[in-house]
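A short worksheet on the structure shown next.
Since this is a predicted model, take the numbers as computed values, not measurements.
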Amino acid sequence: SSGINAEYGGSEIPTAAQFRWRPKYFPDYQPDQIDGPGDGTVNQRSLELCKKFKRLKDHKVYPGIKYGEHMQILLNPAVIEYIKDIISETDGSNKQSGTELVF
């Protein structure tokens, strides 16, 4: 079945990108956390994985949304409008095919 994959990319919010243990620290001690860009929960590298969905002919990948922090994204009025636009764009053509939004 066809679906819709809408990607979003975080902002420049420091987000865990790597964890490194010092020699002989694993597993008894906490690792050092190396931050990188992301949305505060998911790092940018992981957020960009859905770009790979473009190779799936049954899926449409929408442009990224860069509206900030992961847990607040669905409260952002711009994101709500973006979702409404996607739904209204696909409402007629995909009602029967099980359209799904993946964020």
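A distance-only check finds no donor-acceptor pair linking the side chain of W21 to the backbone of P27 [under 3.5 Å].
Among all heavy-atom pairs drawn from T41 and M71, the shortest one is OG1-CG, 4.3 Å. In this structure, P14 and D35 approach most closely via the heavy-atom pair CB-OD2, 4.0 Å. Summarising the geometry of T15 relative to D39, their closest heavy-atom pair is OG1-N, 3.3 Å, with the distance given to 0.1 Å. Across all their heavy atoms, G36 and A17 have their closest contact at N-CB, 3.9 Å.
The side-chain heavy atoms of D32 and R22, taken from C-beta on, include a pair separated by under 4.5 Å.
A search for side chain to side chain donor-acceptor pair (under 3.5 Å) contacts involving K24 returns nothing, not counting sequence neighbours.
To the nearest 0.5 Å, atoms CD (Q18) and CD (Q33) are separated by 10.5 Å.
Counting non-hydrogen atoms of other residues, nucleotides and ligands closer than 6.0 Å to OH of Y25 gives a total of 12 or fewer.
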